[in-house]
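Below is one structure, written out as structure tokens, with a few remarks after it.
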Amino acid sequence: MSTSQKYSVNQHLIETLLSWVKSGEIAIPEIQRPFVWKPAKVRDLMDSLYQGYPVGYIIAWKNPSIRLKDGSLSEGRKILIDGQQRVTALTAAMVGQRVVNKDYREVRIKIAFNPMTEAFEVTNPAIEKSKQWLPDIAPIVQGEIGLLKLIRQYRETNPKAEEEHLETVFTKLLDLKKRQVGLIELNADLDIETVTEIFIRINSKGVVLSQADFVMSKIAANETFGGNVLRKAIDYFCHLAVAPEFYPHIRDNDAAFAATDYFKQMKWLKNENDDLYDPSYVDMLRVAFTSQFSRGRLEELVALLSGRNFETREYEQSIEEASYATLKTGIEQFMNETNFKRFVMIVKSAGFVDKKLIRAQSPLNFAYILYLKLIKSGTPKPKIESYVRRWFVLSMLTGRYASAPESKFDQDSKAIDHGPFGEFLDSIEQSELSDAFWNVGLPRAMTTSNVNHPTFNVFLASQAHANDRGFLSKDVTISSLLIHRGDIHHINPKAYLKKQGHARGSYNQVANYVYMQQETNIAVGAKAPTVYLADVRKQCETKETKYGGIVDMEALHENFRQNAIPMDLLEDDPTTYEDFLAARRVLMALKIRDYYFSL
């Protein structure tokens, strides 16, 4: 192979491929991904092979050869990174191997064959009773029954079947394992970016594999240092975090894993229904990796788990073993009940009482990394809580991890290790949260109609943190409206602004939004602010409520302050709508500033 060639392409017999899987030369992780093909698709694959149709390529990435502790070299295995579903389908139908389905249950997929019509079908009770169908092709393809015996047995129950025809179709059936499948083998020395690019170019579906997918394949294929069980722990924890009712499925269907310490450590999730932080395997990997290794690039985790010595550029088993042990520690600390619940409590205490306020996972992930690092460093708990709250909000406000998050994770994790975190936080605040940011940058950032914009979400969190009331509400808090899926409404009603010629991007500005009780919003309708607020002022005199429950001018002024609304709006002749928006953005920014420095 030339130095410029990054992969090889070869055709192999299916029986050769399956023998490699059986011997471990090709590693197919047990739960790299659950088997999601429908049985009918397995049937179609068998039919395509029978008809001699091409069935596509599988892609494997060869592990680098590793230097063992005794100095000898161990040849690297191939890790399947694309085609797992097809290879699993082949082993299920042709070998009879059980598969783990999308519900994580072990099931047997039987494919039947009708010699008379040369049709394949998924076995069902009717087929099992039929004399014309062979209910399971696996023992036949595996050669457990010879051709002559197969013909004789079939004709005993189907005497009208012609022997010559049966010989032809059974020979084709027996030859299924002689069909060929393409194997694209990627070089061991390629980096993840190159592997990803090759994968995308080769894969006709254009499916993008993430770096985390490669890491998970790498972990799951390692049995020597328990990667296969670690991979299950990651997968099961993330599944349980979303669906606690999945706990009995693991206990009843995976006895081996249920006996591990990992399962004991995640037992608390079976009664956990908080959904503020439902991590995916990508989130869990990033947090565990960065908190333990102080690195942010997942490609480096693949290298470490391969045993890479970054100085000598060789691969050593001792580094591989140490890397798995360190990652295991990170995963265990991530899933620790005390750590996880205390971290979520810290985030909630900052006013992020509902997951819809957190639209990006990167700030949340790094906040958990920070929490775990500060715990490890022995930082006092009150300081940890304040630091984590402020860093999380700072990340949201400045979009710190919005682009190139891996590079930022790498830089920030290393900076945290170099000195007291308080000093690092002060330096970042001085450079990124200057007076110009609060007075100009932040108000400008809120010139948007995107209600999911992080600055608006931070504003809502600041209201929840302060226990503020909804607009024109006497008792109902912003927190309650957020948690119970209240709605945001226009201060200047949409219909009123449309009549004045304002476009969608204008009347839907976030500075025109407040959380308001639905009944109050209905009462306001399309009335101009001068109209409905005149009624509110009047109800403060008559004590007869029409909008909300406020019947006192002092309480009304306080409600305006809590919702960062310019007092000019209460005047009979308020400023223009554009001036109102500009003034409110400034008030919202100042409210966020005061909130941030109180955390």
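Keep in mind the model is a prediction, meaning the values are calculated, not measured.
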Exercise for the section: In sequence, state the C-alpha distance, the side-chain angles, and the governing distance for Asn365 and Tyr401, and then conclude on side-chain hydrogen bond (donor to acceptor under 3.5 Å, both in side chains). Expected result: CA-CA 10 Å; Asn365 288 339; Tyr401 304 114; over 6 Å; no

Practice task
Looking only at non-hydrogen atoms, find the nearest pair between Ala93 and Val42 and report the distance.
Solution key: CB-CG1, 3.8 Å

Problem - Short side-chain to backbone donor-acceptor contact, Ser386 and Leu599, under 3.5 Å - result: yes

Practice task
Return yes when atom NZ of Lys355 has more than 12 non-hydrogen atoms of other residues, nucleotides or ligands closer than 6.0 Å, and no otherwise.
Solution key: yes

Handout entry: Greater than 12 external heavy atoms within 6.0 Å of Lys356's NZ
Key = yes

Exercise for the section: Hey, can you tell me if Phe366 and Trp391 have their rings parallel, tilted or perpendicular (30° and 60° cut-offs)? Expected result: tilted

Exercise for the section: Measure the shortest side-chain to side-chain distance between Met94 and Met46 over non-hydrogen atoms and say whether it is less than 4.5 angstrom. Expected result: yes

Problem - Shortest non-hydrogen contact from Pro39 toward Ile111 - result: O-CD1, 4.2 Å

Handout entry: Distance-only polar pair, side chains of Gln333 and Asn339, donor-acceptor under 3.5 Å
Key = no

Handout entry: Test log, rule side-chain contact (heavy atoms from CB on, under 4.5 Å), inputs Leu186 and Ile59
Key = CA-CA 7 Å; Leu186 307 181; Ile59 306 177; 4.0 Å; yes

Practice task
Look at the aromatic rings of Phe343 and Tyr368 and report parallel, tilted or perpendicular, splitting at 30° and 60°.
Solution key: parallel

Exercise for the section: List the steps and the verdict of side-chain hydrogen bond (donor to acceptor under 3.5 Å, both in side chains) for Tyr515 and Gln463. Expected result: CA-CA 10 Å; Tyr515 263 84; Gln463 289 192 288; over 6 Å; no

Problem - Ser291 and Lys376 side chains, donor-acceptor separation under 3.5 Å - result: no

Handout entry: Lys341, NZ: over 12 other non-hydrogen atoms inside 6.0 angstrom
Key = yes

Practice task
Evaluate the side-chain proximity of Gln292 to Phe334: yes if any heavy-atom separation is below 4.5 Å, no if none is.
Solution key: no

Practice task
Please answer whether the main-chain N or O of Val242 pairs with a side-chain N or O of Asp278 as donor and acceptor at a distance below 3.5 Å.
Solution key: no

Practice task
Could you please spell out the steps behind the side-chain contact (heavy atoms from CB on, under 4.5 Å) verdict for Phe459 and His453?
Solution key: CA-CA 10 Å; Phe459 172 73; His453 198 277; over 6 Å; no

Fill in the blank from the handout: Paired with Asp410, the salt bridge (Lys or Arg N to Asp or Glu O under 4.0 Å) test is passed by just one of Arg295, Arg297, Arg286, namely Arg297

Problem - Side chains of Met284 and Met335 in contact at under 4.5 Å (non-hydrogen atoms) - result: yes

Exercise for the section: Could you grab the distance from atom CD1 of Ile109 to atom CD of Gln97, nearest 0.5 Å is fine? Expected result: 11.0 Å

Handout entry: Side chain to side chain, Arg86 and Val181, heavy atoms closer than 4.5 Å
Key = no

Practice task
Apply the test side-chain contact (heavy atoms from CB on, under 4.5 Å) to residues Tyr262 and Lys232: give CA-CA distance (whole Å), side-chain angles for both, the deciding distance (0.1 Å), then the verdict.
Solution key: CA-CA 9 Å; Tyr262 291 121; Lys232 277 191 176 185; over 6 Å; no

Practice task
Determine whether more than 12 heavy atoms belonging to other residues, nucleotides or ligands lie under 6.0 Å from atom CZ of Arg313.
Solution key: no

Exercise for the section: Identify the two heavy atoms, one from Ile234 and one from Tyr281, that lie closest to each other, and give their separation to 0.1 Å. Expected result: CG2-CB, 3.8 Å

Practice task
Take the angle between the ring planes of Phe289 and Phe293 and call it parallel below 30°, perpendicular above 60°, tilted in between.
Solution key: tilted

Practice task
Return the orientation label for the Phe421 and Tyr387 ring planes: parallel under 30°, perpendicular over 60°, tilted otherwise.
Solution key: perpendicular

Fill in the blank from the handout: Taken to the nearest 0.5 Å, the spacing of Arg390 CZ from Leu370 CG works out to 12.0 Å

Fill in the blank from the handout: For Glu272 and Pro244 the tightest heavy-atom approach is O-CG, 3.0 Å

Handout entry: Under 3.5 Å donor-acceptor, Lys408 side chain and Arg400 backbone
Key = no

Handout entry: Single hit among Phe263, Trp268, Phe257 for ring pair (Phe, Tyr, Trp, His ring centres under 6.0 Å) with Tyr247
Key = Phe263

Exercise for the section: State, yes or no, whether a side-chain contact exists between Phe237 and Pro279 at a heavy-atom distance under 4.5 Å. Expected result: yes

Exercise for the section: Would you please test Lys328 and Glu332 for salt bridge (charged side-chain N to carboxylate O under 4.0 Å, His left out) and show each step? Expected result: CA-CA 6 Å; Lys328 177 177 181 288; Glu332 289 176 336; 2.8 Å; yes

Practice task
Identify the two heavy atoms, one from Ile358 and one from Val347, that lie closest to each other, and give their separation to 0.1 Å.
Solution key: CD1-CG1, 4.1 Å

Handout entry: Point-to-point distance, once rounded to the nearest 0.5 Å, from CD1 of Ile79 to CD of Glu185
Key = 11.5 Å

Exercise for the section: Could you tell me whether the side chain of Asp254 and the main chain of Ile250 form a donor-acceptor pair under 3.5 Å? Expected result: no

Problem - Any side-chain heavy-atom pair of Thr91 and Leu18 under 4.5 Å - result: yes

Problem - Straight-line distance of Ile369 CD1 to Leu374 CG, nearest 0.5 Å - result: 11.5 Å

Problem - Sidechain-backbone polar pair: Thr123 side chain, Lys110 backbone, donor-acceptor under 3.5 Å - result: yes

Exercise for the section: Can you see which heavy atom on Ile219 is nearest to which on Tyr324, and at what distance? Expected result: CA-OH, 3.8 Å

Exercise for the section: Return yes if some donor-acceptor pair links the side-chain N/O of Lys414 with the main-chain N/O of Ser294 below 3.5 Å, else return no. Expected result: yes

Problem - Trace of the side-chain contact (heavy atoms from CB on, under 4.5 Å) decision for Asp136 with Arg108 - result: CA-CA 11 Å; Asp136 189 1; Arg108 172 79 164 86; 2.4 Å; yes

Practice task
Supply the atom-to-atom distance Gln361 CD to Ser280 OG, rounded to the nearest 0.5 angstrom.
Solution key: 6.5 Å

Handout entry: Side-chain heavy-atom pair Arg308, Glu300 within 4.5 angstrom cut-off
Key = no

Problem - Donor-acceptor side-chain pairing of Ser306 and Lys218 below 3.5 angstrom - result: yes

Practice task
Drop me the distance from Leu80's CG to Trp61's CH2, to the nearest 0.5 angstrom.
Solution key: 13.5 Å

Exercise for the section: May I ask you to decide if Phe424's main-chain N or O and Ser427's side chain share a donor-acceptor pair within less than 3.5 Å? Expected result: yes

Problem - Thr224 vs Glu320 side-chain heavy atoms within contact, under 4.5 Å - result: no

Practice task
Give the ring-plane orientation class for His465 versus Tyr595, where under 30° counts as parallel, over 60° as perpendicular and anything between as tilted.
Solution key: perpendicular

